[in-house]
Each structure stands twice: as structure tokens, then as C-alpha cells.
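Notes follow once the structure below has been shown.
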Amino acid sequence: MAFVKNIFDKNFIEYASYVIRSRAIPDLEDGLKPVQRRIMHTLFQIDDGRMHKVAGVVGDCMKYHPHGDSSIGAALVVLANKGIFIEKQGNFGNIFTGDGASASRYIECCVHPLAKKFLYNPNITEYIPSYDGRNKEPVVFRAKIPVVLIGGAEGIAVGMSTKILPYNLKEVIEAEIKTLKGEPFEIFPDVPTGGLIDVSNYDDGNGKIITRAKIDTSDEKRIVITELPVDTNSKELLDSIDNAYKNGKIKISSVEDFTTDHCEIEIKLPRGVYAKDIEKALYAYTSCEKSISCQMLVIKDNMPVTMTATEIIKYYAQKLTGIIKDELEYERNSLTEELHLRTLERIFIEERIYKSIEQMKTAETVKKAVKDGFIPFKAELIRSVTDDDVEQ
């Protein structure tokens with residue numbers, strides 16, 4: 001019995017560790033979960049400046065992600081709707097209405113230029129073999145901006161969860177610049193669907209917010225909801241209004257939803273009922289007001305860690321200098337190597353070193369003759385001549 005318990009405990013710990021680090025929680029380094037990272041890697045690999053069928057992208061991604069096509073397709077749609085790193089074409093659903101995306105064979109996408117600028121640099125990225133050993137995939141991307149804040153994240157793992165609200169790209173970059181300058185900053189979430197938020201208990205990402213819809217009551221006989229609360233769509237909001245009406249919590253005449261690329265829900269009121277009377281009831285009994293608990297749990301150095309938004313921005317500001325240094329080091333090494341090869345070529349031709357190899361019969365004697373021919377010009381060379389140099 002003890003043996004069975006030990007096996008169970010071991011397997012449970014391994015499963016929990018896998019879910020935490022490889023499925024549900026984003027990595028601090030690039031702000032992506034493994035499936036999202038593999039989707040971006042696939043898009044970088046097939047990038048030719050044109051749109052690709054999402055079904056084709058999903059098929060290519062399966063070379064790196066050993067799970068079903070539906071899970072990859074759903075993750076791609078969510079990532080594309082964040083509006084950061086993927087350009088999309090076709091019906092990817094509607095974050096305002098809650099409508100789902102069309103089938104993957106009908107929609108197209110490609111990598112956004114912003115991703116190439118801030119996320120992709122294969123020359124300084126570490127790659128490992130894919131699950132079947134046939135391909136290579138990045139361990140993490142060397143992101144220059146805190147993607148985990150800009151895109152937000154949500155995931156439930158074994159015994160822990162993460163809930164990170166999205167932040168405004170411009171504000172995040174400005175905060176990163178202020179950090180580099182040693183200036184103080186303050187930053188709060190900013191969701192694409194709008195709405196109002198109370199951040200008095202937000203605790204820099206590890207507290208809770210009170211979010212409200214933005215309501216227009218300028219017409220006393222009509223209420224118009226113009227912005228949605230955080231993590232709410234118009235369908236959910238309409239359902240909550242309908243339930244409140246059926247339970248006698250609010251008095252309304254009719255509700256019409258005109259939401260498209262922005263929220264517009266019109267509530268008409270019965271005789272004797274006015275907008276100011278209903279506004280408080282909407283906040284009290286419907287999804288026009290919600291409380292959302294947040295926790296910035298990320299994978300840092302292969303371990304789950306809770307951080308604040310300020311800590312993440314400061315981490316990235318310090319990390320940015322390291323990335324730029326690595327890029328410059330790589331560029332310097334590449335230019336140095338190019339200069340070395342051009343110098344060899346010039347000396348080889350100008351000093352007629354090729355004459356010394358005309359009578360050689362074997363590859364080894366040719367190599368030796370070439371290397372000996374460069375000895376008098378050693379002072380002009382950046383480094384010693386190698387066999388690879390001779391081959392080139």
C-alpha cells in the first residue's frame with residue numbers, strides 16, 4: 001500500500017509541475033505559455049509577408065506542440081485577439097459581443113511587425129529539440145517589453161492560478177523608460193473593451209478591482225451602456241439584466257443590443273421610471289459592476305513566483321540592457337568575422353597566394369600551403385587562419 005501511495009504522490013507532483021510550468025502559467029521572460037510560444041515560433045518560421053490560413057498554421061505548429069489541433073487553434077484566436085503580435089483577417093470573433101471565431105479554414109493570420117521588433121531575435125535565442133527531436137523550438141523568446149503585462153494572462157494550475165489584467169502598450173513602454181532614467185512611475189490596467197475600474201485595492205496586481213460599465217443617463221427615459229466592465233461581453237451583460245428584471249430587481253421596458261466594434265446597449269424605461277432610479281440598481285444587481293481578484297503569478301527561473309507590475313517593469317528594464325548588449329556583441333562578432341574573411345580574400349588575391357597551391361596534389365598540402373602563404377601577413381589578420389577559412 002505504501003508503494004502505491006509513493007507512486008501516486010510522485011506522479012501527482014510530476015503532473016502538477018507540468019501543468020504549472022508547461023500549460024497554465026506564463027513565463028516571465030516572454031510572457032507566453034508554451035502553446036502561445038510555439039504558435040509565435042511557427043509564424044516566424046513560415047513568415048513570407050503574406051497571410052496564412054489559420055488551419056495551416058495550426059498544422060505546422062503541431063510539429064512543436066504535441067496536442068490537438070483544436071487547442072492550438074483556440075489559443076491562436078485568443079492570442080490574435082490581444083492585438084499585439086498577430087495580424088488577422090476574417091472573423092476571429094468579437095470580444096465585445098462574445099461571438100466565437102469562424103472555423104480555422106476560413107480565417108487567416110500572419111506575424112505582426114511589432115513581434116519581429118520586440119520578440120524575435122534568433123541569433124541570441126536559445127533553442128532546444130522539439131518533442132520528437134525533428135525540429136527546434138525556443139526555450140523562451142528574448143522579449144524587450146513585458147509581454148505578460150501588455151497581453152495579460154489567465155490560467156488555473158494545480159493549487160495555484162494567475163490572473164493578470166492587460167496594460168496599455170504605450171504606458172508600459174513609458175514606465176520602462178522612466179525606470180531606466182531612475183524616475184518614479186505609476187501604472188494601472190487598461191482593457192480594450194473600456195469600462196471603469198476602482199484600483200484602490202489593486203495592490204499593484206495582487207489585490208482586486210471593482211469594475212463598472214460606463215452608463216449614459218443624459219436621457220432620463222433611456223439608459224445607454226457605452227463601455228463594458230472588465231472581462232464582460234454584451235451577451236453576459238444582457239443575460240444579467242434579463243435575470244435582474246425577472247427577479248424584480250429592476251424595472252425596464254425593453255433592451256436592445258447594438259454592439260459591434262464598441263458597446264452600445266440601449267435600455268428603455270417604463271412610464272414613471274427614470275434613468276437615475278435604475279442606474280444604482282444596474283450596478284447592484286447586474287454584471288454592470290463586478291469584483292475581480294488578481295494575482296501576478298509567473299514562471300521565473302523555472303519556478304512559479306508572485307510579482308507586482310512595478311517589479312515586472314523594473315525587471316524588464318534591467319533585462320533590456322542585457323538583450324541590447326547581446327545583440328551588439330553578436331553584430332560586432334559578425335562584422336569582425338566578415339572583415340576577417342574579406343582581408344583573407346584580399347591578401348590571397350593581391351599577394352598571389354593561390355600560386356603556391358597550383359602544384360599541390362592533396363587537400364592537406366593545399367591547406368598547409370595556404371596557411372603558410374598567410375604567415376608573412378599575420379599582422380594584418382584579425383585572427384589565425386583556420387581550416388574553415390581555407391575551405392571558404
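Quick caveat: nothing in here was measured; it's all calculated off a predicted structure. The first residue in the sequence is number 1, and the count goes up from there.
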**OP:** Would you indicate whether the side-chain heavy atoms of Arg383 and Glu337 approach each other to under 4.5 Å?
**Re:** yes
Original post:
Does Leu169 share a hydrophobic cluster with Tyr120, counting links as ILVMFWY side-chain heavy atoms below 4.5 Å and allowing steps through other members?
Top reply: yes
Subject >> Side-chain H-bond candidate by donor/acceptor type, Gln45 with Asp60, under 3.5 Å >> reply: no
Original post:
Given the rule that I, L, V, M, F, W and Y join up when any side-chain heavy atoms are under 4.5 Å apart, are Val298 and Ile323 in one cluster?
Top reply: no
**OP:** Compare every heavy atom of Cys109 with every heavy atom of Val57, then report the nearest pair and how far apart it is.
**Re:** CG2-SG, 4.1 Å
Subject >> Salt-bridge criterion met for Glu311 and Lys314 (N-O under 4.0 Å) >> reply: no
**OP:** Please report the closest heavy-atom contact between Pro270 and Ser253, naming both atoms and the distance.
**Re:** CD-N, 3.6 Å
**OP:** Hey, could you give me each pair passing salt bridge (charged side-chain N to carboxylate O under 4.0 Å, His left out) that has a residue in residues 158-169? Not counting sequence neighbours.
**Re:** Glu154-Lys163, Lys163-Asp231
**OP:** Quick one: pull up CG in Leu43 and CZ in Arg38 and give me the separation to the nearest 0.5 Å.
**Re:** 14.5 Å
Original post:
Do Thr97 and Ser234 have side chains that get closer than 4.5 Å, going by heavy atoms?
Top reply: yes
Original post:
Linking Ile, Leu, Val, Met, Phe, Trp and Tyr through side-chain heavy atoms less than 4.5 Å apart, which residues share a cluster with Phe258?
Top reply: none
Subject >> Polar contact flag, side-chain donor to acceptor under 3.5 angstrom, Lys144-Asn121 >> reply: no
Subject >> Charged N-O contact under 4.0 Å between Lys136 and Glu126 >> reply: no
**OP:** Please round to the nearest 0.5 Å and tell me the distance separating atom CD of Glu227 and atom CG of Leu196.
**Re:** 6.5 Å
**OP:** Could you work out the complete set of other residues in the hydrophobic cluster of Tyr106, with links drawn between I, L, V, M, F, W and Y side chains under 4.5 Å apart?
**Re:** none
Original post:
Do you know the tightest heavy-atom contact between His67 and Ser71?
Top reply: CB-OG, 3.9 Å
Original post:
Can you name the side-chain contact (heavy atoms from CB on, under 4.5 Å) partners of Lys181, sequence neighbours left out?
Top reply: Ile177, Glu183
**OP:** Please check if atom NZ in Lys368 has more than 12 non-hydrogen atoms from other residues, nucleotides or ligands closer than 6.0 Å.
**Re:** no
**OP:** Spell out, as yes or no, whether a donor-acceptor pair under 3.5 Å connects the side chain of Asn206 to the backbone of Met296.
**Re:** yes
Original post:
Who pairs with Phe141 by ring-ring contact (aromatic ring centres under 6.0 Å, His included), at least two apart in sequence or on another chain?
Top reply: Phe44
Original post:
Has Glu279 got more than 12 heavy atoms of other residues, nucleotides or ligands less than 6.0 Å from its CD?
Top reply: yes
Subject >> Nonpolar side-chain network containing Tyr245, other nodes, edges under 4.5 Å >> reply: Ile95, Phe96, Ile215, Ile223, Ile225, Leu228, Leu237, Leu238, Ile241, Ile250, Ile252, Val255, Ile265, Ile267, Leu269, Val273, Ile278, Leu282, Tyr283
**OP:** Considering non-hydrogen atoms only, spot the tightest contact between Gln295 and Ser161 and give its length.
**Re:** OE1-O, 3.1 Å
**OP:** Calculate, to the nearest 0.5 Å, the distance between atoms CD1 and OG1 belonging to Ile187 and Thr308 respectively.
**Re:** 11.5 Å
Original post:
What residue among Leu149, Ile197, Ile164 forms side chain to side chain contact (heavy atoms under 4.5 Å, CB included) with Pro189?
Top reply: Ile197
Original post:
Tell me, do Cys110 and Ile86 make a side-chain contact under 4.5 Å, heavy atoms counted?
Top reply: no
Original post:
Can you name the nearest heavy-atom pair linking Glu264 to Thr259, along with the distance?
Top reply: N-OG1, 3.2 Å
Original post:
For Glu329 and Arg332, what are the C-alpha separation, side-chain angles and deciding distance, and is it a salt bridge (charged side-chain N to carboxylate O under 4.0 Å, His left out)?
Top reply: CA-CA 5 Å; Glu329 287 281 356; Arg332 182 181 68 176; 2.7 Å; yes
**OP:** Could you verify whether a donor N or O on one side chain and an acceptor N or O on the other, from Thr310 and Asp204, lie under 3.5 Å apart?
**Re:** yes
**OP:** Name all residues meeting the salt bridge (Lys or Arg N to Asp or Glu O under 4.0 Å) criterion together with Asp219; count only those two or more places apart in sequence or in a different chain, and write none if there are none.
**Re:** Arg222
Original post:
How about Lys214: does its NZ atom have over 12 heavy atoms from other parts shown lying under 6.0 Å from it?
Top reply: no
**OP:** Please determine if Glu174 and Lys170 form a salt bridge, counting it only when a charged side-chain N lies under 4.0 Å from a carboxylate O.
**Re:** yes
Subject >> Atom pair CD1 (Ile145) and NZ (Lys319), whose distance is rounded to the nearest 0.5 Å >> reply: 10.0 Å
**OP:** Evaluate the side-chain proximity of Val230 to Thr193: yes if any heavy-atom separation is below 4.5 Å, no if none is.
**Re:** no
**OP:** Grab the two heavy atoms, one from Pro26 and one from Ala153, that are nearest each other, plus how far apart they are.
**Re:** CG-CB, 3.7 Å
Subject >> By salt bridge (Lys or Arg N to Asp or Glu O under 4.0 Å) - contacts of Asp99 (at least two apart) >> reply: Lys235
Original post:
Quick one: do Arg142 and Asp326 make a salt bridge, cutoff under 4.0 Å?
Top reply: yes
**OP:** Using the rule that two of Ile, Leu, Val, Met, Phe, Trp, Tyr join whenever any of their side-chain heavy atoms come within less than 4.5 Å, decide whether Val78 and Val148 are in one cluster.
**Re:** no
Original post:
How far does OG of Ser200 sit from CD1 of Ile210, to the nearest 0.5 angstrom?
Top reply: 7.5 Å
Subject >> Nearest-0.5 Å distance that lies between atom CD1 in Ile39 and atom OH in Tyr64 >> reply: 13.0 Å
Original post:
Any ion pair linking Glu108 and Lys88 (charged N to carboxylate O, less than 4.0 Å)?
Top reply: no
**OP:** State, with a plain yes or no, whether a side-chain heavy atom of Glu137 is found less than 4.5 Å away from one of Ile128.
**Re:** yes
**OP:** Decide, yes or no, whether a salt bridge links Lys116 with Asp47 under the criterion of side-chain N to carboxylate O below 4.0 Å.
**Re:** yes
**OP:** Please indicate whether Asp132 has more than 12 foreign heavy atoms, meaning atoms of other residues, nucleotides or ligands, lying under 6.0 Å from its CG.
**Re:** yes
**OP:** Check whether more than 12 heavy atoms from other residues, nucleotides or ligands sit under 6.0 Å from atom OH of Tyr315, and answer yes or no.
**Re:** yes
Subject >> same_hphob_cluster(Val172, Val191) at 4.5 Å side-chain heavy-atom cutoff >> reply: yes
Subject >> Partner set under salt bridge (Lys or Arg N to Asp or Glu O under 4.0 Å) for Lys300, not counting sequence neighbours >> reply: none
Subject >> Which residues share a ring-ring contact (aromatic ring centres under 6.0 Å, His included) with Tyr316, sequence neighbours left out >> reply: none
**OP:** In sequence, state the C-alpha distance, the side-chain angles, and the governing distance for Val111 and Glu87, and then conclude on side chain to side chain contact (heavy atoms under 4.5 Å, CB included).
**Re:** CA-CA 6 Å; Val111 68; Glu87 289 190 271; over 6 Å; no
Subject >> Any side-chain heavy-atom pair of Leu381 and Thr343 under 4.5 Å >> reply: yes
Subject >> Linked, directly or transitively: Ile382 and Ile347 (ILVMFWY side chains, under 4.5 Å) >> reply: no
Subject >> Heavy atoms of other groups near Glu331 CD, more than 12 under 6.0 Å >> reply: no
Original post:
Is any side-chain heavy atom of Met160 closer than 4.5 Å to a side-chain heavy atom of Ile156?
Top reply: no
Original post:
Is there a side-chain contact between Lys63 and Ser130 (heavy atoms, below 4.5 Å)?
Top reply: no
Original post:
So which pairs with a foot in residues 166-221 pass ring pair (Phe, Tyr, Trp, His ring centres under 6.0 Å), sequence neighbours left out?
Top reply: none
**OP:** Under the salt bridge (Lys or Arg N to Asp or Glu O under 4.0 Å) rule, collect the residues that match up with Lys221, sequence neighbours excluded.
**Re:** none
